[in-house]
Number of protein chains: 2
Amino acid sequence: MAAGDLFHKHGIRGVGVEAIAEAAQTNKMTLYRYFPSKDVLITEWVRGIVAHKEEDWKDLNAKHRGDPEGQLQDWSRRTAAQLRAMEERGSALGNAFAELPDPNHPARRVMKEHKLRAHKRVVRLCKAAGFPDPAFSANLFTMMLEGAHSCGTCVGMRQIGEHLVQVVDRMVENNRRHQAAG
Amino acid sequence: MAAGDLFHKHGIRGVGVEAIAEAAQTNKMTLYRYFPSKDVLITEWVRGIVAHKEEDWKDLNAKHRGDPEGQLQDWSRRTAAQLRAMEERGSALGNAFAELPDPNHPARRVMKEHKLRAHKRVVRLCKAAGFPDPAFSANLFTMMLEGAHSCGTCVGMRQIGEHLVQVVDRMVENNRRHQAAG
DNA sequence: CCCCCATGTTACCGGTCGGTAACATTTTAG
DNA sequence: CTAAAATGTTACCGACCGGTAACATGGGGG
């Protein structure tokens, strides 16, 4: 879906189906034969992003099996890398959310459910890592993750990514010390 | 500027100047006699929001003069209150940023400069409060602030606001303990 | 009273949008 | 080779957009 690049660069409302078709190396007619409307096209694009991210989490889980701290740390590093590759325009999902004011838009539901799953995942990891207050830490991580995207537009994506990694590392380290002491 | 409510509810691109004029209890012609284009209307709206926020900071500074911790804590509480009053649709500035893909849009510059000032303010406060690593803490606060807005759409604005307050309180408290011990 | 100036009204402009109809063309499969 | 399915082309539709021109209205101050 090369259409996604256009959506991300010029905003969902800022790109017409004609341009989408061209980016997909086809034309408007055939596009409409595959997707009945622009809205389902948007939804499918969002669904793809979400699926990709969740695939990434599965990979993370497989690579650091039984090591929740490692998962959290690697996750922060991957996010930092994504931030670095983003540069200038913000998060695709965040922007899409802002551009779809209708709370009943199917794409919105997809994003919402994804965010909920992601947050639960972090809570579970914090619990498994033995953080003294897993809800607290998970909320902090999730808010930082979300914030990193908007924040990077002013502080710089590179710095913000490094900082995300730094915070997660520090909290994991503190937790380890705390467990060793207690 | 009642137009702001429309911008926030339906998105900048989702509301036409006709609707704006109607919301302002006038008509399109008179509107264009005051604002030469929709873009400067948008920019002026953004400028108003930014001015309001910076006014709030001045008030904060006056109320807790010489008490940087108090300023940070009160700031988190005010932000939490704003989040509580927001509910459903996200941050006005954040959405506006997402809806204006052109990096040279004047409204974008206004927002960017505001964000930079806000971040510097937090850095200065963290320095004044004697945080061991002011840049670190300030980045954390700023990212949390930004994140709270996007995050609230899934976790719930009330919870996220409470959590923002909780994090700031905890960090201030930790810092106090650290200073008392060191 | 009368003039002026701000406001309101209506109609319009060119452009773009999402989406469709009809038809030409190419690819694929039997 | 031929028939059918997929894809491409063009033109069009109605709706809405930001923005403007021409003109009607009204009210307040000299």
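Reckoned from all heavy atoms, side chains included, excluding hydrogens, waters and symmetry mates. Please read these numbers as outputs of a predicted model, since none were measured by experiment. Naming convention: chains lettered A, B, ... in sequence-line order (proteins, then strands); numbering from 1 in each chain.
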Participant: With a 3.5 Å cut-off and no angle check, do the side chains of A:D39 and A:H105 form a donor-acceptor pair?
Facilitator: yes

Participant: Output the rounded distance in Å from CZ (B:F35) to P (D:dG18).
Facilitator: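 Answer to the nearest Å: 15 Å.
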
Participant: Roughly how many Å is it from CG in B:L31 to C1' in D:dT20, rounded to a whole number?
Facilitator: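 Checked: the CG to C1' distance equals 14 Å.
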
Participant: Using a cut-off of less than 4.0 Å, is there contact between a side-chain N or O of A:Y34 and OP1 or OP2 of D:dT7?
Facilitator: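 So the side chain of A:Y34 is within the cut-off, an N or O lying under 4.0 Å from OP1 or OP2 of D:dT7.
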
Participant: Does A:K58 pair with A:E54 as a salt bridge, N-O distance under 4.0 Å?
Facilitator: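 No.
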
Participant: Would you check if there is a donor-acceptor pair between the side chains of B:Q166 and B:H163 at a distance under 3.5 Å?
Facilitator: yes

Participant: Do B:R78 and B:D59 meet the salt-bridge criterion of a basic N to acidic O distance under 4.0 Å?
Facilitator: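 Looking at B:R78 together with B:D59, the answer is yes, because their closest N to O distance falls below 4.0 Å.
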
Participant: Please report, rounded to the nearest Å, how far the C1' atom of D:dG18 is from the CD1 atom of B:I12.
Facilitator: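 Rounded to whole Å, this separation is 15 Å.
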
Participant: Find every protein N or O atom lying less than 3.5 Å from an N or O atom of nucleotides 8-13 of chain C, and list the pairs.
Facilitator:
unit_1: C:dG8; atom_1: OP2; unit_2: B:T26; atom_2: OG1; d: 2.7
unit_1: C:dG8; atom_1: OP2; unit_2: B:N27; atom_2: OD1; d: 3.2
unit_1: C:dG8; atom_1: OP2; unit_2: B:T30; atom_2: OG1; d: 3.2
unit_1: C:dG8; atom_1: N7; unit_2: B:R33; atom_2: NH2; d: 2.8
unit_1: C:dG8; atom_1: O6; unit_2: B:R33; atom_2: NH2; d: 3.2

Participant: Starting at CG of A:D39 and ending at P of C:dC17, how long is that distance when rounded to a whole Å?
Facilitator: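 For the pair A:D39 CG and C:dC17 P, the rounded distance is 16 Å.
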
Participant: Among side-chain atoms of A:H64 and A:D74, is any donor-acceptor pair under 3.5 angstrom?
Facilitator: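 Their side chains do contain a donor-acceptor pair, which is all the 3.5 Å distance test asks for.
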
Participant: Once you round it to whole Å, what is the distance between P of C:dC17 and CZ of B:R13?
Facilitator: 11 Å

Participant: Quick one: CE on B:M171 to CZ on B:F131, what's the gap to the nearest 0.5 Å?
Facilitator: 5.5 Å

Participant: Report the distance from atom CD1 of B:I20 to atom P of D:dG18, rounded to the nearest whole Å.
Facilitator: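 Computing the B:I20:CD1 to D:dG18:P distance gives 7 Å.
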
